[in-house]
Amino acid sequence: MKRFLLSTIVAAALAIPGGAGAKNVLDLKESITDTSIVFPETFEKDTRKLLESWYLKNYTTTDDRYARQGDVNVSDDELRKRLAALPTVIDMPFNQIVKEYIKRYTSKGRAQVAAILGLNLYYTPIFEQALEKAGLPLELKYLPVIESGLDPNAVSKHGATGLWQLMLGTGKGLGLEVNSLVDERRDPYLSSEKAAGYLKDLYDTYGDWSLAIAAYNCGPGNVNKALRRAGGDPKSHDFWSIYNYLSPETRGYVPMFIAANYVMNYHKEHNISPVLATKPLITDTVAIHNRLHFNQVSEVLNIPVDELRILNPQFRADIIPASAERQYYLILPSQQVHAYIVSEDEILAHDAEKYARRELAEPGDVPATASEP
């Protein structure tokens, strides 16, 4: 149903004729320039916070070469050759705009790239699995790099949330649960699966990856509007031919995606430290059928609460609101899954009164969690 509606909207939009002639898209994508580039929010991430995250400190190691050594000057011809050498289905053209985003990553964003490379060790297999299942190009795994800087708790100024930065309406429309306790837009597995399905619908609609990626950022309505304004045969257009008809923020989206693909593959050539895993983080899941607080799991199994939060960012208040009618899944380090199963009764009983939900209250009652006067 969603795909039908999306296709109908686009078909209606493209049926409106324009007066301009068809553009030479191939020439344009190589020669286009922009003197007023707007860098998106992800470039302003708190890099220190990323570098000091619990996962990076406990599961990866890197040197500070990115800080001790500067960027390396690379000619335009070399940048063009490197992009052309990437094994991608999606076009990775080089132009002045793409160059500006590459420079931003390899100069001012060096610490951010080092942090993202470390987080990438954990998140990339999750993204690749979802994309492979949907039959999509694997280079789309770098979309979360530009969307959220690989922060599952990232929230944009517009309210887009999670690794894939889904808006509230979009997330709910895709079937994700969002409320005060649970936000599945932050769930790495569920959000990746839904984002892949959404990207597939967009590509099936436009038949061009650059337009599909732009529509993922700003919505099909804005891409359709840009196509109408560009005029001519809609099938002759791609992102670059409608560039000037898009908002400044969306104009940078596809170039930044290309730059992210570049820097994640050629970071060593720019003296940005390779990140190594000090130990593998292998995870598994357990089904939860009763209301549970992270502290109960942490104190019985001796797992840091920060680790539970990193692995389960969808639970916004450290509470899993499970019941007989609604089960959830808790992600744990695989070596702890058996310990949880064996100790489940003890975990549920641990400080049970403290973490129980108050379902009945009489005037004058003192909650069990209230402190002594």
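A donor-acceptor contact shorter than 3.5 Å is absent between the side chain of S334 and the backbone of T283. Looking only at distances, no side-chain donor or acceptor of R185 sits under 3.5 Å from a matching main-chain atom of S191.
Remark: the N271 side chain and the Y66 side chain contain no N/O donor-acceptor pair separated by less than 3.5 Å. Side-chain N/O atoms of Y206 and N224 include a donor and acceptor closer than 3.5 Å. Side-chain N/O atoms of S75 and D77 include no donor and acceptor closer than 3.5 Å. At a cut-off of 3.5 Å, with distance as the only test, a side-chain donor of N217 or T250 sits close to an acceptor on the other residue. Side-chain N/O atoms of T124 and N120 include a donor and acceptor closer than 3.5 Å.
A salt bridge is defined here as a Lys NZ or Arg NE, NH1 or NH2 lying under 4.0 Å from an Asp or Glu carboxylate O, and K133 with E128 fails to meet this definition.
Taking the ring axis of F94 as reference, the NZ or CZ atom of R80 does not stay both within 45° of it and closer than 6.0 Å to the ring centre. Remark: K279 qualifies as a cation-pi partner of Y59 under the 6.0 Å distance and 45° angle criteria applied to the six-membered ring.
When each of H267, H270, K99 is paired with Y262, the side-chain hydrogen bond (donor to acceptor under 3.5 Å, both in side chains) condition holds for H270 and for no other.
Taking 4.5 Å as the limit, some side-chain heavy atom of Y216 sits within range of a side-chain heavy atom of L199. In this structure, the side chains of Y123 and P144 stay at 4.5 Å or more apart for every pair of heavy atoms. Counting heavy atoms from C-beta on, the side chains of R186 and D183 come closer than 4.5 Å. Within the 4.5 Å cutoff, no side-chain heavy atoms of Y266 are placed close to those of T106. Using a 4.5 Å heavy-atom threshold, the side chains of T285 and L330 count as separate.
In summary, the aromatic rings of F315 and Y328 are positioned with their centroids under 6.0 Å apart. Ring centroids of W164 and F127 are separated by less than 6.0 Å, placing the two rings close together.
Across L176 and L166, no two heavy atoms sit closer than the pair CD1-CD1, 3.8 Å.
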- Query: What do the steps show when you test E78 against R82 for salt bridge (charged side-chain N to carboxylate O under 4.0 Å, His left out), and what is the final call?
  - Reply: CA-CA 6 Å; E78 182 61 26; R82 289 177 181 178; 3.1 Å; yes
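In the displayed structure, Q327 atom CD is contacted under 6.0 Å by more than 12 heavy atoms of other residues, nucleotides or ligands. Under a cut-off of 6.0 angstrom, the local environment of CG in N179 is crowded, with over 12 non-hydrogen atoms contributed by other residues, nucleotides or ligands.
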